[in-house]
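A short worksheet on the structure shown next.
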Amino acid sequence: MAAVYRTELTPLSFLERSALVYPRKVAIVDGDRRITYDRMAGQTTRMANAMAASGVGPGDRVAFLCTNIPEMLMAHFAPALLGAVLVAVNTRLSPQEIRYILDHSGAKLLVGETHLLAGLAGIAERLTTVSEVVGIDRAGDRAGFPVTPFDEFMARGSDRQLPWEVDDEERTISINYTSGTTGRPKGVMYTHRGAYLNALGEIIHSRHSPDSVYLWTLPMFHCNGWCTTWGVTAIGGTHVCPPRVDPAEIWSLIDSEKVTHFNAAPTVLISLANAPEAHPFPRPVTITTAGAPPSPTIIEVMESLGAEIVHMYGLTETYGPHTVCELQPGVPEMPVEDRARFLARQGVSFIIADPTRVVDEQMQDVPQDATALGEVVMRGNNVMKGYFDNPERTDEAFGGGYFHSGDIAVWHPDGYVDLRDRSKDIIISGGENISTIEVEKTIASHPAVLECAVIAVPHEHWGERPKAFVVRKAGRTASPEELIDHVRERIAAFKAPDEVEMVDSLPKTSTGKIQKFVLRDREWAGRERRIN
């Protein structure tokens, strides 16, 4: 019997194919700069050879501290060509947080934009594993300490061809660090196989095609851009790399570059919808939203502008999105408010993943009655390999053979998952569970509200009660009492916040998630709260 040859799955094959099939097609738009697919593959190969000349080999970690520039996109392929591992660092972390990630990952090489490296001037000499820092200067900035200019670094490379393949698809391709809001950040390991399959899932569920023009409003350092770095490349689409995420700039690029797709957290959608430049989309635009549950209100607003909303859900540990709110027959014909409520669900697993479950503490499925609460657990090809150098936390995360998300949800009769809260965010008031997400969605439906956050605050009698922090739309007014009444008229009165505080802004992560722990820490200072 003849031997059967099996090709190991790797995203490297995506760039190889697109360079062969679409060599003269524009792969990357960077202002006035246009980079074709054959040029992208050539530059990626040279970058990999430059890394090799700098001492990088199989298994070594290479860190990038960059915004959504072309070099950051190529970095999703270059280290992997050597069997090395990409560590894409959150650009908005503090110097000490970045130092921890570089040291913990054992990064051998650090490549960054000089204006971002400047923030590391005080700690650069104390990095324990980085042997060289390479600076990309795009605006005449200085790092403040000795760095190798990127052009000089690239000159070490050559056009020597490297195989667009990997010897083991379970080899780690990247390490993405969690936000670390409850302790030290954890390094989430992605494999070539998982990245390959989740990228295909993105193509399918975000409905990409070779005609896709994808606008990078999502940071590439966040879950490797939800694997869209690899996915759009695989399908031969065009990556549009804006210098910054500014609503006016985004609306301008949507028009000038004929954008067809972008990904954005709900807070980004809120800023776009309320920008002075907002207008109906000139062509069909598919917007994938995830990172936090979107309110039906923002879904309705974006759809009114002509967008097609695809709602996904996942975590860093699941390569970004793991579930999608798949449309069902009849949903497009629903009244707009009903359709928006349906689209706000987190939905069902990606086509490349195992079914998502909602379970109780004994790992038994909760009833699919849209009422019983349980924890969302996942399993499949797009669940992490584990936490880097942290086997104890890895074992803890996979109790019962599933990854435990820490997210609390209900299960609808149709099998769709619908988040109610993070386990630590559920408000337990007098023995009753109150979903902060439900209260937030209700507040957000008020026409004067731009965005809001609800947390538990201490209460002498009930133990804890909801408090809302609200940012109003420009030129709109609403009193705290009006917003509380608005909630009481729409959901159970006991779920309404006792207090509403008007604020100018809400604390957020670099990817647009509201940092409730910042608000909670302030309200609970000096008091102990039981976290479930």
Side-chain angles (χ1 to χ4, degrees), residues 88-98 100-101 119 176-188 217-219 221-223 226 245 263-272 274 289-295 298 313-318 320 346 376 405-408 419-427 434-441 443-444 449-458 464-472 497 499-532:
V89 183
N90 186 330
T91 61
R92 296 162 193 167
L93 295 178
S94 70
Q96 290 302 329
E97 290 170 318
I98 293 174
Y100 173 79
I101 289 172
N176 293 286
Y177 278 80
T178 61
S179 58
T181 58
T182 58
R184 286 290 197 182
K186 298 182 292 293
V188 177
T217 56
L218 176 75
F221 62 68
H222 181 52
C223 307
W226 298 349
V245 179
N263 294 356
T267 53
V268 175
L269 297 185
I270 290 170
S271 67
L272 290 176
N274 290 277
T289 188
S295 70
I298 190 58
Y313 156 71
L315 305 93
T316 303
E317 289 88 344
T318 61
Q346 282 62 44
V376 179
S405 69
D407 288 325
I408 303 301
L419 285 194
R420 287 295 179 262
D421 245 318
R422 292 289 296 171
S423 59
K424 61 179 176 292
D425 290 338
I426 283 282
I427 300 170
I434 299 175
S435 161
T436 62
I437 293 174
E438 181 183 17
V439 181
E440 287 163 355
K441 288 180 178 179
I443 294 173
V449 173
L450 181 65
E451 54 185 347
C452 65
V454 173
I455 64 166
V457 296
E464 51 190 40
R465 289 288 300 150
K467 176 178 178 178
F469 298 82
V470 173
V471 180
R472 286 175 291 199
E499 182 181 356
V500 173
E501 181 177 333
M502 301 299 182
V503 295
D504 294 329
S505 63
L506 295 168
K508 297 174 184 175
T509 68
S510 59
T511 55
K513 291 183 181 179
I514 295 171
Q515 295 175 310
K516 290 187 180 182
F517 75 93
V518 174
L519 303 172
R520 194 161 47 233
D521 288 351
R522 188 186 77 186
E523 297 292 329
W524 287 83
R527 303 187 63 163
E528 182 178 352
R529 184 191 180 212
R530 177 173 60 85
I531 301 296
N532 294 291

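- Listed for the Glu523 side chain is no donor-acceptor partner under 3.5 Å among the backbone atoms of Val457.
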Please step through side-chain contact (heavy atoms from CB on, under 4.5 Å) for the pair Ile434 and Arg465, ending with a clear verdict.
CA-CA 9 Å; Ile434 299 175; Arg465 289 288 300 150; 3.7 Å; yes

Which is it for Asn90 and Glu97 under the side-chain contact (heavy atoms from CB on, under 4.5 Å) test, yes or no, and what are the steps along the way?
CA-CA 9 Å; Asn90 186 330; Glu97 290 170 318; over 6 Å; no

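- Side-chain contact between Pro466 and Thr436 is absent, with no heavy-atom pair separated by less than 4.5 Å.
- Closest of all the heavy-atom pairs between Ser435 and Arg420 is OG-O, 2.6 Å.
- Proximity of Pro497 to Val454: side-chain heavy atoms (C-beta onward) are nowhere separated by under 4.5 Å.
- When all heavy atoms of Thr289 and Trp226 are compared, the pair lying nearest together is C-CH2, 4.3 Å.
- Closest approach of Thr267 and Glu451 over heavy atoms only: CG2-OE1, 3.5 Å.
- With contacts defined as side-chain heavy-atom distances shorter than 4.5 Å, the pair Val470/Met502 qualifies.
- Judged by distance alone, with hydrogens and angles left aside, the side-chain atoms of Glu499 form no donor-acceptor pair with the main-chain N or O of Lys467 at under 3.5 Å.
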For side-chain contact (heavy atoms from CB on, under 4.5 Å), just list the numbers for Asp425 and Arg520, CA-CA rounded to whole Å, side-chain angles, deciding distance to a tenth of an Å, and then say yes or no.
CA-CA 9 Å; Asp425 290 338; Arg520 194 161 47 233; 2.5 Å; yes

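- Residues Ala444 and Val449 come closest through the heavy atom pair CA-CG1, 4.1 Å.
- Counting only heavy atoms from C-beta outward, the side chains of Leu272 and Thr217 never approach each other to under 4.5 Å.
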Please step through side-chain contact (heavy atoms from CB on, under 4.5 Å) for the pair Phe469 and Ile514, ending with a clear verdict.
CA-CA 11 Å; Phe469 298 82; Ile514 295 171; over 6 Å; no

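- Within the 4.5 Å cutoff, the side chain of Leu93 has no heavy atoms near those of the Tyr100 side chain.
- Put simply, the side chain of Thr178 gets close to the backbone of Lys186: a donor and an acceptor are under 3.5 Å apart.
- Closest approach of Ile98 to Val89, counting heavy atoms only: CG1-CG1, 4.0 Å.
- With Thr316 contributing its side chain and Cys223 its backbone, the two residues share no donor-acceptor pair below 3.5 Å.
- Nearest heavy-atom pair, Ile270 versus Asn274, reported as atom, atom and distance to 0.1 Å: O-ND2, 2.8 Å.
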